[in-house]
Student: 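Take a look at the following structure, please.
Lettering follows sequence order; numbering is per chain, from 1.
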Amino acid sequence: MVKIRTRFPPSPTGYLHIGGARTALFNWLFARQQGGVFILRIEDTDQARSTDEATRAILEGLEWLGLNWDEGPFFQSQRTEIYRQFISDLLKQDKAYYCHCSPELLEKKRETARAEGRKPKYDGNCRDLELGPGPQAVVRLKNPQTGTTGFDDLIRGPIVFPNEELDDLVLARSDGSPTYHLAVVVDDITMEITHIIRGDDHINNTPRQVQIYQALGRPLPFYGHVPMILGPDKTRLSKRHGATSVLAYKDMGFLPQALINYLVRLGWAHGDEEIFNREAMIQKFSIARVGKSAGVFNQEKLLWLNSHYIKESTDQELAALLAPFLREKGFQDLDLEYVAKCTATLKMRSKTLKEMAEAAEFYLEEEVTYPPEAVKKSFSTQTIPWMEAATESLANLAEWDESAMESAFTRIIDRTGATLKQIAPPLRLALTGKTASPGLFEVMAALGKERTLERLNRALNYIKGL
RNA sequence: GGUCCCAUCGUCUAGUGGCCUAGGACACCGGCCUCUCACGCCGGUAACACGGGUUCGAACCCCGUUGGGACUACCA
């Protein structure tokens with residue numbers, strides 16, 4: 001059996017975006033599932049627009065998502081000799097020819113053709129002139145002019161194009177460099193790619209590439225064209241729609257497994273299942289079951305998945321993940337054990353790590369501040385006896401856990417005649433500086449006895465000074 | 001314009017001729033739980049683009065219409 005080989009070929013003209021990430025994911029999943037090989041290839045033939053920085057960002061994005069590649073990264077810019085070889089072979093076999101038409105002339109012809117309602121395709125002017133190389137010459141593929149060119153798409157089934165629609169495409173530019181179509185095909189041949197899974201914006205490119213395979217006398221790979229990802233306005237997802245860079249989602253506090261899970265479900269389903277960890281995805285993914293229609297990127301659902309994976313993470317994992325976000329907020333010396341205790345109270349209430357970091361601030365601040373509105377609502381002379389009773393009972397607690405606190409509070413309620421509903425708000429404000437927070441007992445347990453008593457005493461003094 | 005692709009709730013989707021008075025998930029709206037906020041649980045609103053066929057029977061098959069999208073470069 002032939003080993004399956006897939007590839008992800010980004011061009012380094014920008015960051016790794018959501019659409020690219022999903023294409024990479026599908027290729028990766030298919031390779032992993034089939035025991036195949038996943039190859040990374042950087043398509044940097046467009047020297048003007050390619051940057052090293054973009055390459056780094058793409059690699060970093062893939063690494064963050066955990067889409068590890070087995071071979072590469074290969075760079076097209078380092079393979080020019082290979083392309084040259086293939087082009088000269090084609091020329092020798094009369095499958096390609098030199099064309100001396102200037103870009104200006106071609107552009108003019110296209111315009112008049114368009115104006116007259118004809119197809120603006122190359123007219124084959126130099127096809128049979130048997131011209132040699134020249135300073136302005138490009139190399140074109142000599143395509144069949146009748147008949148059809150097609151392929152059997154893994155996702156969409158057979159797709160056929162009339163050859164009259166296809167013109168003699170340029171294989172080599174006048175400077176000798178290969179064009180995209182030639183480079184892709186040569187790379188896929190030499191890298192022995194068996195399955196090409198890519199965006200459906202390439203469907204129309206495929207017959208051209210098929211013709212190059214045919215001219216070269218090589219067997220076709222399998223093609224699977226996955227649908228595009230759209231923004232909420234149903235146009236192609238782009239910067240206009242906010243963050244589409246994978247790393248931007250990292251910075252917003254998303255977990256890679258949440259993004260991966262979201263992406264795999266965008267365009268693919270396995271019955272009613274929503275949650276897929278890596279292993280489940282690899283096992284259940286099926287390229288043939290990928291949907292055909294474009295999908296709208298929905299951040300709400302991503303947030304839901306993210307909160308799911310946050311809940312699933314252990315306190316220690318969360319503490320480590322949260323640390324960079326906390327440091328960003330200026331909390332430099334972090335006691336990760338303490339942070340872990342805090343995350344335990346926050347994981348049910350946070351949709352992102354960024355949100356969690358914000359919610360965690362009161363745990364880390366030396367002194368919480370009491371917002372005037374909240375003070376008005378919760379602090380009064382009436383609360384003094386409650387606070388005193390609480391402070392005293394808590395101070396006497398031998399065990400600092402939630403069940404001990406609970407029994408302490410039943411005694412406090414007994415003694416003061418107040419209800420928990422009355423006592424909780426002022427205590428919450430004293431401990432967190434907020435009117436909404438994790439459960440009172442949870443907060444005290446996480447804060448620890450010392451911090452709790454400190455904060456209560458400080459609040460008591462504050463109220464007495466009102 | 002031409003060619004190609006696509007079409008089920010607002011969104012992601014299940015559905016491959018009878019199981020569909022169309023199922024799940026997100027979001028939204030109610031309720032329960034409750035020390036606040038969440039979580040969780042229960043319930044609700046909400047879709048087969050349209051028109052023709054084929055068939056005893058169509059969300060599912062065929063044709064057309066409409067609507068979206070892609071490509072149409074010496075960009076990838």
Student: Return the value, rounded to whole Å, for the distance between atom CZ of A/R428 and atom P of B/U36.
Tutor: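 Rounded to the whole Å, the gap is 8 Å.
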
Student: In whole angstrom, give the distance that lies between atom NZ of A/K234 and atom P of B/A49.
Tutor: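 Rounding to the nearest Å, NZ of A/K234 and P of B/A49 are 12 Å apart.
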
Student: Parallel, tilted or perpendicular: which one describes the rings of A/F276 and A/W268, with boundaries at 30° and 60°?
Tutor: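 A/F276 and A/W268: tilted rings.
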
Student: Within the 4.0 Å heavy-atom criterion, would you say A/R118 contacts the bases, only the backbone, or no part of the nucleic acid?
Tutor: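 The residue A/R118 makes no contact with any strand.
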
Student: Touch check for A/P232, heavy atoms < 4.0 angstrom, all strands: base, sugar-phosphate only, or nothing?
Tutor: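 Nothing, no nucleic acid heavy atom in range.
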
Student: Identify whether any heavy atom of A/L440 sits under 4.0 Å from a base atom; if not, whether one sits that close to sugar-phosphate; answer base, sugar-phosphate or nothing.
Tutor: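 A/L440: base contact, heavy atoms under 4.0 Å.
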
Student: Counting any heavy atom closer than 4.0 Å, what does A/F161 reach on the DNA or RNA strands: base, sugar-phosphate only, or nothing?
Tutor: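 Touches sugar-phosphate only.
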
Student: Name the pairs: protein N/O against N/O of nucleotides 24-28 of chain B, kept only if under 3.5 Å.
Tutor:
{"unit_1": "B/G24", "atom_1": "N2", "unit_2": "A/R265", "atom_2": "NH2", "d": "3.3"}
{"unit_1": "B/G24", "atom_1": "N2", "unit_2": "A/E274", "atom_2": "OE2", "d": "3.0"}
{"unit_1": "B/A25", "atom_1": "O4'", "unit_2": "A/E274", "atom_2": "OE2", "d": "3.2"}
{"unit_1": "B/A25", "atom_1": "N3", "unit_2": "A/K301", "atom_2": "NZ", "d": "3.4"}
{"unit_1": "B/C26", "atom_1": "OP1", "unit_2": "A/W304", "atom_2": "NE1", "d": "3.4"}
{"unit_1": "B/C26", "atom_1": "O2'", "unit_2": "A/E300", "atom_2": "O", "d": "3.4"}
{"unit_1": "B/C26", "atom_1": "O2'", "unit_2": "A/K301", "atom_2": "N", "d": "3.2"}

Student: Taking only the side-chain heavy atoms of A/N204 (C-beta and beyond), determine which of B/A14, B/C12, B/C4 contains the nearest atom.
Tutor: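 Looking only at side-chain atoms, A/N204 lies closest to B/C4.
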
Student: Which one, B/C6, B/U3, B/U36, comes nearest to the side chain of A/E165?
Tutor: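 Selected nucleotide: B/U3.
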
Student: Looking at B/A14, B/U36, B/A70, which one has an atom nearest to any side-chain atom of A/D201?
Tutor: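 Nearest nucleotide to the side chain: B/A70.
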
Student: Look at all strands and tell whether A/V296 reaches a base, only sugar-phosphate, or nothing, counting heavy atoms closer than 4.0 Å.
Tutor: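 Touches sugar-phosphate only.
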
Student: Heavy atoms from C-beta onward define the side chain here; which of B/C12, B/U72, B/A38 lies closest to that of A/R349?
Tutor: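 Closest nucleotide to the A/R349 side chain: B/A38.
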
Student: Pick out the pairs of N or O atoms, protein on one side and nucleotides 29-33 of chain B on the other, that lie under 3.5 Å.
Tutor:
none

Student: Identify all side-chain donor-acceptor contacts of residues 424-435 of chain A below 3.5 Å with residues at least two apart in sequence or on another chain.
Tutor:
{"unit_1": "A/R428", "atom_1": "NE", "unit_2": "A/S437", "atom_2": "OG", "d": "2.9"}
{"unit_1": "A/T432", "atom_1": "OG1", "unit_2": "A/R428", "atom_2": "O", "d": "2.7"}
{"unit_1": "A/T432", "atom_1": "OG1", "unit_2": "A/K434", "atom_2": "N", "d": "3.0"}

Student: Please work out if A/Q136 contacts a base, only the sugar-phosphate, or nothing of the nucleic acid, heavy-atom cut-off 4.0 Å.
Tutor: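 Here A/Q136 touches the bases of the nucleic acid.
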
Student: Looking for any heavy atom pair under 4.0 Å, which part of the strands does A/S11 touch: base, sugar-phosphate only, or nothing?
Tutor: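 The residue A/S11 makes sugar-phosphate contact but no base contact.
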
Student: Let me know the distance between CG of A/L230 and C1' of B/A70, rounded to the nearest Å.
Tutor: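 Roughly 11 Å, once rounded to whole Å.
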
Student: Whole-Å distance between B/C35 P and A/L431 CG?
Tutor: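 So the two atoms are 17 Å apart, to the nearest Å.
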
Student: Just by distance, with hydrogens left out, do A/N163 and A/T149 show a side-chain donor and acceptor under 3.5 Å apart?
Tutor: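 The answer is yes; a qualifying pair exists.
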
Student: Mind checking if A/D175 touches a base, just sugar-phosphate, or nothing, with heavy atoms under 4.0 Å?
Tutor: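 Here A/D175 touches no strand at all.
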
Student: Under 4.0 Å between any heavy atoms, over every strand shown, what does A/S174 touch: base, sugar-phosphate, or nothing? Just pick one.
Tutor: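 Base, at least one base atom sits under 4.0 Å.
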
Student: Does A/P120 reach a base, just sugar-phosphate, or nothing at all? Heavy atoms under 4.0 Å.
Tutor: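 Contact class for A/P120: base.
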
Student: Taking the inter-plane angle between the rings of A/W304 and A/H308 on a 0 to 90° scale, is it parallel (under 30°), tilted (30 to 60°) or perpendicular (over 60°)?
Tutor: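 Plane angle between 30° and 60°, so tilted.
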
Student: I want to verify a distance call: between B/U11, B/A76, B/C5, whose nearest atom is closest to the A/I159 side chain?
Tutor: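 Closest of the options to the side chain of A/I159: B/C5.
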
Student: Under 30°, 30 to 60°, or over 60°: which ring-plane class applies to A/F151 and A/F161, parallel, tilted or perpendicular?
Tutor: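 Because their plane-to-plane angle is under 30°, the rings of A/F151 and A/F161 count as parallel.
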
Student: Nearest to the A/S293 side chain among B/A7, B/A76, B/U36, which nucleotide is it?
Tutor: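 That would be B/A7.
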
Student: Closest approach to the side chain of A/K311, judged atom by atom: which nucleotide of B/G40, B/C71, B/U3 is it?
Tutor: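 In terms of side-chain proximity for A/K311, the closest of B/G40, B/C71, B/U3 is B/G40.
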
